[in-house]
Amino acid sequence: MDINNLNIMLLDVLKEIGNIGSGNAATALSSIINKKIDMNVPQVKILDFDEVANVLGGAEKPVAGIYFEMNGDIKGNIMFILDIDSARCLLNLLFKNNNESREFTDMDMSALSEVGNILAASYINSLSMLSNMVLKISVPSIAIDMAGAILSVPAIQFGYISDKVLFIETQFKEGNNLVTGNLFLIPELDSFETMLKKLGVVEI
């Protein structure tokens with residue numbers, strides 16, 4: 001299978017996953033902060049793994065990364081990544097304050113981890129629903145570091161995973177507050193093909 005030659009049907013299916021997942025994530029976030037959340041139409045793409053750092057603004061850009069292992073009918077890794085401004089904005093919404101230069105405390109890290117867990121689960125549940133696959137994600141691990149360092153976690157397993165990444169970017173808006181969430185799904189090589197078959201994009 002040549003992923004580069006997959007037809008427009010693949011993009012339609014992936015956009016549907018992005019739309020439903022983002023909608024569910026916005027609803028979950030709205031429930032957490034008890035405020036109305038709007039969202040832009042999500043961007044959904046398949047990227048080469050080595051493009052991911054550029055999407056995040058470069059390998060040296062500081063980000064908050066929340067990492068999960070994915071198991072079930074397919075295996076791989078998931079990363080939910082926020083730029084630092086979005087991470088601070090999200091915390092200000094959660095804690096109802098306006099600290100634009102806040103240092104990240106243990107409580108902040110715990111809160112980001114929990115919200116990242118809820119948002120990532122929204123996307124995975126959408127993928128599970130559309131594909132009839134059983135999917136589970138692990139307890140999250142969180143780190144704030146340069147994007148290159150965050151990405152080294154799945155990169156260490158690069159040879160055993162895949163060089164393709166499903167990328168979903170969604171912007172959540174509450175008033176003038178803007179949170180950009182980047183979800184990267186990195187399936188193992190065999191699992192990527194399994195996922196496409198389950199979604200009906202390629203023949204079984």
Side-chain angles (χ1 to χ4, degrees), residues 1-29 39-53 55-56 65-82 113-141 150-151 153-172 180-204:
M1 181 184 64
D2 183 354
I3 189 70
N4 295 311
N5 292 330
L6 287 177
N7 57 29
I8 194 167
M9 182 179 174
L10 170 61
L11 289 177
D12 287 343
V13 171
L14 297 182
K15 285 177 181 174
E16 185 68 7
I17 293 171
N19 279 324
I20 295 175
S22 297
N24 291 341
T27 300
L29 185 57
M39 68 173 198
N40 291 343
V41 176
Q43 286 192 59
V44 183
K45 300 177 182 176
I46 290 180
L47 303 174
D48 289 330
F49 186 85
D50 56 12
E51 295 180 84
V52 173
V55 168
L56 295 172
I66 305 155
Y67 171 84
F68 310 82
E69 291 182 7
M70 178 176 62
N71 288 293
D73 289 340
I74 61 174
K75 296 181 180 180
N77 298 317
I78 296 170
M79 300 199 78
F80 188 75
I81 297 182
L82 302 160
S113 179
E114 182 57 27
V115 173
N117 188 29
I118 292 169
L119 298 184
S122 298
Y123 289 98
I124 294 308
N125 288 340
S126 301
L127 177 59
S128 178
M129 181 184 68
L130 286 177
S131 63
N132 285 323
M133 290 190 293
V134 176
L135 301 174
K136 298 177 181 177
I137 57 176
S138 68
V139 173
S141 300
I150 296 287
L151 294 171
V153 177
I156 289 171
Q157 304 175 60
F158 180 80
Y160 305 98
I161 304 178
S162 171
D163 59 348
K164 298 296 180 186
V165 177
L166 172 61
F167 163 63
I168 303 172
E169 180 198 77
T170 308
Q171 291 186 323
F172 303 102
T180 301
N182 303 288
L183 184 91
F184 299 94
L185 190 152
I186 313 166
E188 291 184 358
L189 198 56
D190 291 344
S191 291
F192 199 94
E193 190 162 347
T194 299
M195 182 179 76
L196 297 182
K197 288 177 179 175
K198 290 284 188 179
L199 290 168
V201 177
V202 298
E203 294 182 358
I204 298 175

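Worth saying up front: this structure is predicted, and the values here are computed from it rather than measured. Count residues from 1 along the sequence. All values below come from the heavy atoms of this structure, side chains included, with hydrogens, waters and symmetry mates left out.
Heavy atoms only, all atoms of each residue included: Leu82 and Thr180 are closest at CD2-O, 3.4 Å. Contact between Thr170 and Pro42 at its shortest, heavy atoms only, is OG1-CB, 3.6 Å. Here the closest non-hydrogen pair linking Pro187 and Ser191 is CB-CB, 4.1 Å. Heavy atoms only, all atoms of each residue included: Phe80 and Gly181 are closest at CZ-CA, 3.9 Å.
With sequence neighbours left out, the side-chain hydrogen bond (donor to acceptor under 3.5 Å, both in side chains) criterion links Asn24 to Ser126. For Ala25, the side-chain contact (heavy atoms from CB on, under 4.5 Å) partners are Leu119, Ser122, Tyr123, Phe172, not counting sequence neighbours. Partners of Ile118 by side-chain contact (heavy atoms from CB on, under 4.5 Å), not counting sequence neighbours, listed by chain and number: Ala28, Ile32, Glu114. For Lys45, the side-chain contact (heavy atoms from CB on, under 4.5 Å) partners two or more places apart in sequence, or in a different chain, are Gln43, Leu47, Phe167. Listed by chain and number, the residues in a side-chain hydrogen bond (donor to acceptor under 3.5 Å, both in side chains) with Asn40 are Gln171, Lys173 (sequence neighbours excluded).
For the pair Tyr67 and Asn77, the minimum side-chain heavy-atom distance is below 4.5 Å. Looking at Glu16 and Leu130, their side chains come closer than 4.5 Å, going by heavy atoms from C-beta outward. Met195 has its side chain within reach of Leu199: a pair of non-hydrogen atoms, C-beta onward, lies under 4.5 Å apart. Two residues are said to be in side-chain contact when any heavy atoms from C-beta on lie closer than 4.5 Å; Leu14 and Ile168 fail this criterion. A 4.5 Å side-chain heavy-atom check between Ile66 and Ile81 finds every atom pair outside the cut-off. Between Ile137 and Asn117, some side-chain heavy-atom pair lies under the 4.5 Å cut-off. At a threshold of 4.5 Å between non-hydrogen side-chain atoms, the residues Ile186 and Ile78 do not count as touching. Using a 4.5 Å heavy-atom threshold, the side chains of Met39 and Leu29 count as separate.
For the atom pair CD1 (Ile17) and CG (Leu183), the distance works out to 11.0 Å, reported to the nearest 0.5 Å. Interatomic distance, Ile46 CD1 to Leu166 CG, rounded to the nearest 0.5 Å: 6.5 Å. How far CG of Leu127 is from CD1 of Ile20: 10.5 Å, rounded to the nearest 0.5 Å. Expressed to the nearest 0.5 Å, how far NZ of Lys15 lies from OG of Ser22 amounts to 13.0 Å. To the nearest 0.5 angstrom, Leu56 atom CG is 9.5 Å from Ile150 atom CD1.
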Open item on the list: Before you tell me yes or no, could you show the steps for Lys198 and Ile74 under side-chain contact (heavy atoms from CB on, under 4.5 Å), namely the whole-Å CA-CA distance, both residues' side-chain angles and the distance that decides it to 0.1 Å?
Closed with: CA-CA 10 Å; Lys198 290 284 188 179; Ile74 61 174; over 6 Å; no

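Screening residues 129-140 for side chain to side chain donor-acceptor pair (under 3.5 Å), with sequence neighbours left out, gives no hits.
Glu193 places no side-chain N or O within 3.5 Å of a backbone atom of Asp190 that could act as its donor or acceptor partner.
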